[in-house]
Amino acid sequence: MGTNRKGFTVSLLLTMSMLLAACGGNGNTKGTPAAGSTGEPGTGAEATAAAEPVKLEFWTIALQPTFNDYFNNLITQYEDSHPGVTVEWKDYPYDAISQRLLTSTASGKSPDVVNLNTEFASQLGSKGALLNLSEYLTDEQAKSYFEGIYNSTVFDGKAYALPWYTGTEVLFMNKKLVEKAGLDPANPPQTREELVEWARQVHEKTGAAGYAQQLVSKLFPIDGISILNEDKTAAAFNTPEAEAMISQMRDLMKEGVVLKEDADFSKQIQYFSGEQVAFQLSGPTFINFIKTSAPDVYKNTIAVPLPTGKANLRLSNSMNLVVPQKSKNPQQAVEFAAFLTNAENQTAFSKAANTLPSSKASIQDPFFTESDGSLEAEAKVASSQSLDKATDYMVGVPSAADINSALARGLQEILMNGADIKETLNKVEKEVNTIISQGS
């Protein structure tokens with residue numbers, strides 16, 4: 001199980017073209033809205049019982065065998081409440097599911113409900129390879145998910161995925177270093193600007209840096225800088241605001257407030273464990289690493305909601321459920337996807353898997369609001385509080401992996417190698433526009 005963007009090794013362009021060639025319609029011109037409004041067990045049962053037997057093929061990513069009991073029980077519950085419907089569950093490694101989906105769709109044997117990350121779901125949806133779920137969902141169902149996460153796969157008013165489990169970053173703080181710097185961890189920074197000031201004070205008073213970071217494309221949308229224009233046809237990041245953001249980052253690295261390094265996750269763990277930095281911007285999985293590598297630092301660490309940048313948003317990394325356009329049972333497939341992602345079942349899965357739900361109602365559960373004082377519980381509560389501002393920053397971006405790489409290389413050239421900001425942004429803008437034109 002994971003939400004890492006990496007791992008789809010098959011060319012998205014090749015995947016898309018072959019999927020589109022295999023798609024066409026599924027015989028449904030206008031879906032019948034799913035009965036009921038919550039996707040609860042029993043939804044659509046009468047209609048299903050009156051129809052021919054239906055077998056749904058359900059694919060997930062890296063959930064077996066850890067969650068076999070959870071899903072087998074859930075599937076049994078669904079089948080019992082939907083006479084005539086059976087569900088066959090298949091699970092594949094993260095880096096294999098795109099090729100499997102391509103092959104099955106091209107051969108006319110499409111699965112019915114598939115677990116995909118937002119990047120791949122949005123690209124397939126924008127190319128017409130997925131069912132438009134808006135024709136099947138009630139308004140109440142659509143509004144049951146956090147808006148920013150749900151809208152991550154909505155194009156031209158058409159929803160191509162139901163959000164499932166998700167994750168957001170939080171701010172981990174070394175309480176000892178923060179207090180040594182004369183700062184109050186009970187009143188943490190709320191904005192990126194305040195975080196920079198805290199980091200500067202930590203550096204001045206303790207000698208440690210504020211934090212380490214990886215030079216990746218998300219640094220643009222955090223500051224309210226769009227990567228592409230509104231219709232996703234051209235680069236939009238080459239702006240005075242981007243120049244100012246990168247210039248400030250370069251200055252902070254010169255000061256030692258931010259480590260001058262393109263630090264991947266393993267490096268960030270190393271720096272925080274060695275108390276070379278006071279802060280870590282990461283998801284809750286970070287806890288497992290410092291608990292092992294630096295138990296004393298783990299004991300001195302607290303978690304708070306991540307400070308927001310100029311865009312006043314937090315970035316999510318979500319898994320979704322989609323229905324391929326070639327599903328032979330679109331109505332029943334949507335009903336099953338809605339059942340899996342309803343509030344009750346999202347809450348149960350999040351408790352079992354230690355993830356965050358995308359359902360608004362789920363977050364009201366005490367599991368997400370109450371802390372026992374442990375770092376794990378603090379991180380869970382802090383990340384849960386971030387979901388109302390969560391969105392996926394690569395929403396609808398074509399050839400997202402290639403564009404991410406181009407922006408990362410540009411940042412590396414400027415911040416690590418001293419390249420001119422404007423000249424480099426001009427060069428990367430041309431590269432991104434070429435990527436888009438070649439992928440269209």
Side-chain angles (χ1 to χ4, degrees), residues 169-220 222-223 244-310 314-315 375 378-379 382 407-408 410-419 421:
E169 292 182 339
V170 300
L171 178 66
F172 293 98
M173 299 195 298
N174 183 313
K175 189 177 178 182
K176 182 180 71 175
L177 289 176
V178 167
E179 290 178 337
K180 186 177 179 180
L183 297 163
D184 180 9
N187 294 288
Q190 303 296 310
T191 66
R192 290 275 174 156
E193 290 82 0
E194 292 176 357
L195 176 60
V196 165
E197 290 306 313
W198 275 50
R200 181 174 285 115
Q201 189 164 328
V202 164
H203 184 58
E204 291 173 353
K205 300 289 187 180
T206 72
Y211 54 92
Q213 64 184 4
Q214 191 164 15
L215 304 180
V216 290
S217 58
K218 71 178 182 180
L219 297 175
F220 290 85
I222 285 172
D223 235 25
M245 180 268 290
I246 297 172
S247 178
Q248 182 194 37
M249 199 179 307
R250 183 176 59 188
D251 292 342
L252 292 173
M253 288 181 171
K254 287 180 180 178
E255 286 184 61
V257 173
V258 176
L259 285 182
K260 186 178 180 180
E261 184 171 342
D262 183 12
D264 62 16
F265 188 56
S266 62
K267 279 287 189 179
Q268 292 175 34
I269 294 168
Q270 176 184 324
Y271 292 135
F272 193 89
S273 298
E275 297 192 311
Q276 292 169 268
V277 299
F279 308 108
Q280 169 69 18
L281 292 67
S282 186
T285 54
F286 173 73
I287 297 171
N288 299 327
F289 296 95
I290 62 165
K291 193 173 186 178
T292 301
S293 64
D296 289 339
V297 175
Y298 163 79
K299 292 176 184 177
N300 279 317
T301 300
I302 62 173
V304 298
L306 188 72
T308 55
K310 293 178 181 177
R314 296 184 176 97
L315 303 180
L375 180 58
E378 286 180 355
L407 287 165
L411 289 171
Q412 290 163 2
E413 282 297 310
I414 296 167
L415 298 171
M416 298 295 101
N417 302 327
I421 296 177

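Numbering of residues begins at 1 and proceeds along the displayed sequence. Nothing here was measured: the structure is a model prediction, and the numbers come from that model.
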Could you tabulate the donor-acceptor pairs under 3.5 Å formed by side-chain atoms of residues 204-213, not counting sequence neighbours?
unit_1, atom_1, unit_2, atom_2, d
Thr206, OG1, Val202, O, 2.6
Thr206, OG1, Ala208, N, 3.1

**Report entry** Contact summary for Gln268 and Leu281, nearest pair of heavy atoms
**Finding:** OE1-O, 4.2 Å
Query raised in the report: Listed by chain and number, what are the side-chain contact (heavy atoms from CB on, under 4.5 Å) partners of Asp184, not counting sequence neighbours?
Result: Ala186, Asn187
Query - Test side-chain contact (heavy atoms from CB on, under 4.5 Å) applied to Leu375 - qualifying residues, sequence neighbours left out - result: Phe172, Ile287, Ile290, Tyr298, Thr301, Ala303, Glu378
Requested in this report: Sorted by first residue and then second, give each salt bridge (charged side-chain N to carboxylate O under 4.0 Å, His left out) pair with at least one member in residues 267-282; sequence neighbours left out.
Outcome: Lys176-Glu275
Report summary line: The side chain to side chain donor-acceptor pair (under 3.5 Å) partners of Gln270 (sequence neighbours excluded) come to none
Query raised in the report: Step by step, would you call Phe279 with Val178 a side chain to side chain contact (heavy atoms under 4.5 Å, CB included)?
Result: CA-CA 9 Å; Phe279 308 108; Val178 167; 3.8 Å; yes
Report task. Using ring-ring contact (aromatic ring centres under 6.0 Å, His included) as the criterion, list what pairs up with Phe272, not counting sequence neighbours. Result -> Phe286
**Report entry** Point-to-point distance, once rounded to the nearest 0.5 Å, from CG of Leu171 to CD of Gln280
**Finding:** 9.0 Å
Query raised in the report: What's the shortest heavy-atom distance between Glu169 and Leu306, and which atoms?
Result: O-CB, 3.6 Å
Requested in this report: List in chain and number order the residues that pass side chain to side chain donor-acceptor pair (under 3.5 Å) with Gln248, two or more places apart in sequence or in another chain; answer none if no residue qualifies.
Outcome: none
Query raised in the report: Gln214 and Phe265: side chain to side chain contact (heavy atoms under 4.5 Å, CB included), yes or no, with the steps?
Result: CA-CA 8 Å; Gln214 191 164 15; Phe265 188 56; 5.7 Å; no
Query raised in the report: Can you list the steps and then say if Arg192 with Lys310 is a side chain to side chain contact (heavy atoms under 4.5 Å, CB included)?
Result: CA-CA 8 Å; Arg192 290 275 174 156; Lys310 293 178 181 177; over 6 Å; no
Requested in this report: Using salt bridge (charged side-chain N to carboxylate O under 4.0 Å, His left out) as the criterion, list what pairs up with Glu255, not counting sequence neighbours.
Outcome: Arg200
Report task. For residues Ile269 and Ser293, report the shortest heavy-atom separation together with the two atoms involved. Result -> CG2-OG, 4.1 Å
Query raised in the report: Taking only residues two or more places apart in sequence, or in another chain, which ones meet Asp264 in a side chain to side chain donor-acceptor pair (under 3.5 Å)?
Result: Ser266
Query raised in the report: Taking side chain as C-beta onward, heavy atoms only, is Glu179 less than 4.5 Å from Met173?
Result: no
Requested in this report: Could you note down all residue pairs passing salt bridge (charged side-chain N to carboxylate O under 4.0 Å, His left out) where residues 285-299 supplies at least one of them, sequence neighbours left out?
Outcome: Lys291-Glu376
Requested in this report: Under the side-chain contact (heavy atoms from CB on, under 4.5 Å) rule, collect the residues that match up with Thr292, sequence neighbours excluded.
Outcome: none
Query raised in the report: To the nearest 0.5 Å, how far apart are CG in Leu183 and CD in Glu197?
Result: 10.5 Å
Query - Contacts of type side chain to side chain donor-acceptor pair (under 3.5 Å), residue Asp262, not counting sequence neighbours - result: Gln412
Query raised in the report: Which pair of non-hydrogen atoms, one from Ile414 and one from Ile246, has the smallest distance, and what is that distance?
Result: CG2-CG2, 3.7 Å
**Report entry** side chain to side chain contact (heavy atoms under 4.5 Å, CB included) between Lys260 and Leu415, worked out
**Finding:** CA-CA 8 Å; Lys260 186 178 180 180; Leu415 298 171; over 6 Å; no
